[in-house]
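See structure below.
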Amino acid sequence: MTSVSLAALIAGVRTGGLVSFPTDTVPALATLPEQAGLIFAAKQRSQDKPLILMAASAEDLWPYVEGSEQDQQIWEQVVSQYWPGALTLVLPASKRVPKVMNPIDPTTIGIRVPKNAIAQKILSQTGPLATTSANFSGQPALLTMAEIDAQFPSVLTLESTALEMEGIGLPSTVAKWTGENWQILRQGAVSLGV
């Protein structure tokens, strides 16, 4: 068991470790963006399945994307309506995004701000993190810290059982900006009015 305090989990991720914490959807596996290879290895995840950059606020994520002024206005409008929440936006990536986040197509990056107090607290102290659901690739998402501990014994999880699954158990909706409109890549918890 690698259950630790919130402070130890934050310290662990800051030093490049792999951690798990609850979100508003399903629990996340997370690490620093430049350490994203740890997630691919732990999950046995295919390189063609990019990771999501999660942060405490939209302001923390804007430096990782780039688009025209008009594009950015559209993105900000959607974000103001749905964030924090279960919506991941796939946008053109800036040079700031490590290639290891999306090895096959480093020109895009998925970004999200979760509506969960624990996730917010962690992300506000670590900055944006590379994230994905806590499970082996292709398997159902794990919903409790105990399940995550069992499947990923080296991943740091939060010790308190009071922090059990607060999310809804549904993944986030993933919407990709095409340059003109939104393309829904995965329908999840949020219905995007496009």
Side-chain angles (χ1 to χ4, degrees), residues 1-56 82-88 90 100-103 109-174 185-190:
M1 295 282 273
T2 46
S3 298
V4 296
S5 68
L6 188 65
L9 185 131
I10 291 166
V13 78
R14 280 183 174 158
T15 57
L18 196 53
V19 303
S20 182
F21 53 82
T23 74
D24 51 345
T25 56
V26 296
L29 272 184
T31 191
L32 296 172
E34 55 275 12
Q35 297 293 325
L38 293 173
I39 293 177
F40 284 100
K43 281 183 62 108
Q44 301 161 11
R45 186 178 176 96
S46 167
Q47 297 277 305
D48 64 354
K49 293 184 172 179
L51 302 177
I52 292 170
L53 198 60
M54 196 178 279
Y82 294 99
W83 279 2
L87 177 66
T88 298
V90 179
V100 69
M101 288 280 302
N102 190 352
I109 185 67
I111 59 172
R112 183 162 104 79
V113 175
K115 187 176 185 175
N116 174 284
I118 297 161
Q120 286 276 333
K121 189 167 195 170
I122 292 166
L123 293 162
S124 69
Q125 294 184 52
T126 62
L129 295 177
T131 65
T132 185
S133 57
N135 57 299
F136 286 134
S137 203
Q139 300 293 314
L142 302 175
L143 299 182
T144 67
M145 294 296 127
E147 289 175 327
I148 295 163
D149 259 342
Q151 198 163 95
F152 299 102
S154 63
V155 170
L156 298 180
T157 58
L158 291 170
E159 61 192 352
S160 173
T161 53
L163 303 179
E164 283 307 336
M165 185 55 196
E166 291 182 17
I168 52 177
L170 270 180
S172 65
T173 296
V174 179
L185 301 181
R186 177 180 73 198
Q187 184 59 58
V190 167

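In this text, all values refer to a predicted model and were calculated from it rather than measured experimentally. In what follows, residues are counted from 1 in the order of the sequence shown.
Rounding to the nearest 0.5 Å gives a distance of 7.0 Å between CD1 of Ile118 and CD1 of Ile122. Here CG of Leu143 is found 8.0 Å from CD1 of Ile148. Values are rounded to the nearest 0.5 Å. Taken to the nearest 0.5 Å, the OG1 atom of Thr25 stands 13.0 Å off from the NZ atom of Lys115. The line from OG of Ser20 to CG of Leu158 is 8.0 Å long, rounded to the nearest 0.5 Å. Remark: Leu29 CG to Arg45 CZ distance equals 9.5 Å, nearest 0.5 Å.
Using a distance-only test at 3.5 Å, with no hydrogens or angles considered, a donor-acceptor pair links the side chain of Thr131 to the main chain of Ile52. At least one donor-acceptor pair closer than 3.5 Å links the side chain of Gln120 to the backbone N or O of Pro114. Panel note: side chain Arg112, backbone Gly85; a donor-acceptor pair is recorded below 3.5 Å.
Evaluation of the side-chain contact (heavy atoms from CB on, under 4.5 Å) rule for Pro50 yields Asn102 as partners, not counting sequence neighbours. In this view, Arg186 and Ser172 satisfy the side-chain hydrogen bond (donor to acceptor under 3.5 Å, both in side chains) rule, not counting sequence neighbours. By the side-chain hydrogen bond (donor to acceptor under 3.5 Å, both in side chains) test, Ser46 is found to be paired with Asp48, residues two or more places apart in sequence or in another chain being considered. Qualifying ring-ring contact (aromatic ring centres under 6.0 Å, His included) partners for Tyr82, counting only residues two or more places apart in sequence or in other chains: none. Val13 pairs by the side-chain contact (heavy atoms from CB on, under 4.5 Å) definition with Val19, Thr126, Leu129, not counting sequence neighbours.
Across all their heavy atoms, Lys121 and Leu6 have their closest contact at CD-CD2, 3.4 Å. Residues Ala86 and Asp24 approach most closely at N-OD2, 3.6 Å, considering heavy atoms. Heavy atoms only, all atoms of each residue included: Gln125 and Arg14 are closest at O-NH2, 2.7 Å.
If you run side-chain contact (heavy atoms from CB on, under 4.5 Å) between Met54 and each of Thr88, Ile111, Val113, Thr23, only Thr23 comes through. A side-chain contact (heavy atoms from CB on, under 4.5 Å) with Phe152 is found for one member of Leu18, Leu142, Thr157 and no other, namely Leu142.
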side-chain contact (heavy atoms from CB on, under 4.5 Å) assessment of Ser3 paired with Met145: CA-CA 8 Å; Ser3 298; Met145 294 296 127; 6.0 Å; no
Check residues 30-43 and write down every donor-acceptor pair under 3.5 Å in which the side-chain atom is one partner and the other belongs to a residue at least two apart or another chain.
from	atom 1	to	atom 2	distance (Å)
Thr31	OG1	Gly17	O	2.9
Lys43	NZ	Ser133	O	2.8
Lys43	NZ	Ser133	OG	3.4
Lys43	NZ	Asn135	O	3.2
Lys43	NZ	Asn135	OD1	3.1

